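One is the number of the first residue; the rest follow in order along the sequence. If you're wondering where the values come from, they're calculated on a predicted model, not measured in any experiment.
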Amino acid sequence: MDLLELREQIDTIDRQIVELYEQRMNVCRQVAEYKISTGKKVFDRQREMEKLAKVRALTHNEFNRCGVEELFEQIMSISRKLQYQLLLESGSLGKLPFIGVDELETGKARVVFQGAEGAYSQAAMVEYFGDAVNSFHVDTFRDAMNAIDEGSADFAVLPIENSTAGIVNEIYDLLQEYENYIVGEQIIRIEHCLLGVPGASLEDIRTVYSHPQSLMQSARYLEMHDWQQISMQNNAFAARKVAEEGDRSQAAIASEYAAGIYGLEVLQRKVNHSGTNSTRFIIVTNQKIFRKDAKKVSICFEVPHESGSLYHMLSHFIYNNLNMTKIESRPIEDRNWEYRFFIDFEGNLADSAVKNALRGLRDEARNMKILGNY
């Protein structure tokens with residue numbers, strides 16, 4: 001037979017496959033109606049594993065066994081998504097434990113940020129909440145999360161990602177650990193400056209203090225000078241140290257905002273080599289709320305440590321036409337080589353597509369948590 005005849009045979013077989021697929025989905029619809037009436041869960045892992053073993057046994061070689069298993073995994077995954085959709089339409093999907101609000105109540109809010117006065121976190125806080133914000137600062141990210149968890153602060157401002165240095169690992173771990181939720185974000189342009197005491201010049205400088213990332217981001221500039229570099233916990237701490245000690249041989253790499261706070265002079269602007277360096281800060285609270293006009297959802301979950309498990313979780317975004325904008329992984333404590341995944345995607349918790357995807361993830365993933373909608 002020539003190629004044309006072979007393709008005609010494939011077309012005939014494909015039509016039969018489509019017809020059988022539609023028949024199967026009609027039966028799945030009836031299964032969904034039964035589960036709705038009885039309250040039975042959609043995802044039955046034991047049943048699916050038995051089904052995969054049966055269809056594998058129907059094939060005649062190893063290649064086909066692997067292919068049929070993958071094919072039926074997809075068919076069953078699509079069937080589950082249909083059932084989740086029908087549950088949503090019937091009102092049986094359940095409500096998400098988050099309340100939509102028109103605006104965040106920030107007028108009399110008390111806000112905490114990590115670091116000293118003059119930190120980039122403070123600049124992000126002022127940008128988001130305004131100059132009159134009632135605020136205080138703490139030494140560590142955990143202290144900030146504790147403050148809102150215990151109620152001594154209504155909101156916390158925390159850095160989660162830098163455009164050049166990447167994610168802040170500790171923040172991701174704390175978001176999973178605490179029952180605190182993201183309700184907003186603020187992006188701040190990072191422009192590092194070399195700060196010295198009044199009257200100091202570049203020729204006076206012998207030692208530079210800053211956060212390790214800031215030193216790294218300013219490496220090209222610092223390589224031009226024979227200065228000792230000393231890491232500090234925070235840029236603002238470095239600026240405060242230089243101001244308090246009043247030594248003309250010391251300088252800090254920090255923001256111009258910090259220079260104003262501590263009465264330092266800007267000896268050199270834009271010492272970081274990236275002209276587009278920015279940091280994304282999140283606004284966190286202990287309330288399960290979201291603005292009704294929120295456009296981004298953050299979640300985290302774990303998956304079984306087996307082939308294809310992450311792929312099946314991500315299919316919920318594809319099927320519901322949700323645009324995933326970010327995925328990160330963090331190792332799970334005390335479970336070697338297993339990971340927790342953090343995902344951002346576009347949407348609102350009131351959207352039916354988002355509810356459908358989250359229901360599927362909640363049933364099929366391990367320990368799925370909504371981190372916020374903002």
Query raised in the report: Given K292 and D102, is the salt bridge (charged side-chain N to carboxylate O under 4.0 Å, His left out) satisfied, shown in steps?
Result: CA-CA 6 Å; K292 291 179 180 177; D102 294 321; 3.6 Å; yes
Query raised in the report: Would you say the ring centroid of F155 lies under 6.0 angstrom from that of F129?
Result: yes
Report task. Check whether the ring centres of Y181 and Y374 lie less than 6.0 Å apart, and answer yes or no. Result -> no
Tell me if the [atom1] atom of [X] is crowded by more than 12 foreign heavy atoms within 6.0 Å.
X	atom1	result
Y311	OH	no
I327	CD1	yes
N321	CG	no
R291	CZ	yes
E105	CD	no
E333	CD	no
D226	CG	no
E70	CD	no

How far does [atom1] of [X] sit from [atom2] of [Y], to the nearest 0.5 angstrom?
X	Y	atom1	atom2	result
S278	E161	OG	CD	10.5 Å
D334	I332	CG	CD1	10.5 Å
I190	S214	CD1	OG	8.0 Å
H137	E117	NE2	CD	4.5 Å
N373	F290	CG	CZ	6.0 Å
Q250	T207	CD	OG1	6.0 Å

Query raised in the report: How far apart are the closest heavy atoms of T140 and Q233, and which atoms are they?
Result: CG2-NE2, 4.2 Å
Query - Atom of L322, atom of A353 and distance for their closest heavy-atom approach - result: CD1-O, 3.9 Å
pair [X]-[Y]: side-chain heavy atoms closer than 4.5 Å:
X	Y	answer
V242	D247	no
N272	Y221	no
N180	T285	no

Query raised in the report: Of L194, L195, V271, I230, which meets side-chain contact (heavy atoms from CB on, under 4.5 Å) against V208?
Result: L194
Query raised in the report: S152 and E150: side-chain donor and acceptor closer than 3.5 Å?
Result: no
Report summary line: Tested for salt bridge (Lys or Arg N to Asp or Glu O under 4.0 Å) against E302, the lone hit among R340, K369, R366 is R340
Requested in this report: Please say which of K326, K295, R280 ends up in a salt bridge (Lys or Arg N to Asp or Glu O under 4.0 Å) with D344.
Outcome: R280
Query raised in the report: Does the R220 side chain pair with the main chain of Q217, one donor and one acceptor, at a distance under 3.5 Å?
Result: no
Report task. Flag the pair R45 and E364 as a salt bridge only when some basic side-chain nitrogen lies within less than 4.0 angstrom of an acidic carboxylate oxygen. Result -> no
Query raised in the report: Should H192 and Y120 be marked as a ring-ring contact (aromatic ring centres under 6.0 Å, His included) after you check the CA-CA gap, both sets of side-chain angles, and the distance that decides it?
Result: CA-CA 10 Å; H192 295 321; Y120 281 111; 5.7 Å; yes
Query - Chi angles and distances behind the salt bridge (charged side-chain N to carboxylate O under 4.0 Å, His left out) call for E69, R65 - result: CA-CA 6 Å; E69 181 174 16; R65 277 190 284 276; over 6 Å; no
Report task. Anything under 30° is parallel, anything over 60° is perpendicular, the rest tilted; go ahead and classify H316 against Y84. Result -> tilted
Requested in this report: Could you label the plane-to-plane angle of the W227 and H225 rings as parallel, tilted or perpendicular, counting under 30° as parallel and over 60° as perpendicular?
Outcome: parallel
Query - side-chain contact (heavy atoms from CB on, under 4.5 Å) against Y128, all qualifying residues, sequence neighbours excluded - result: L104, Q186, I283
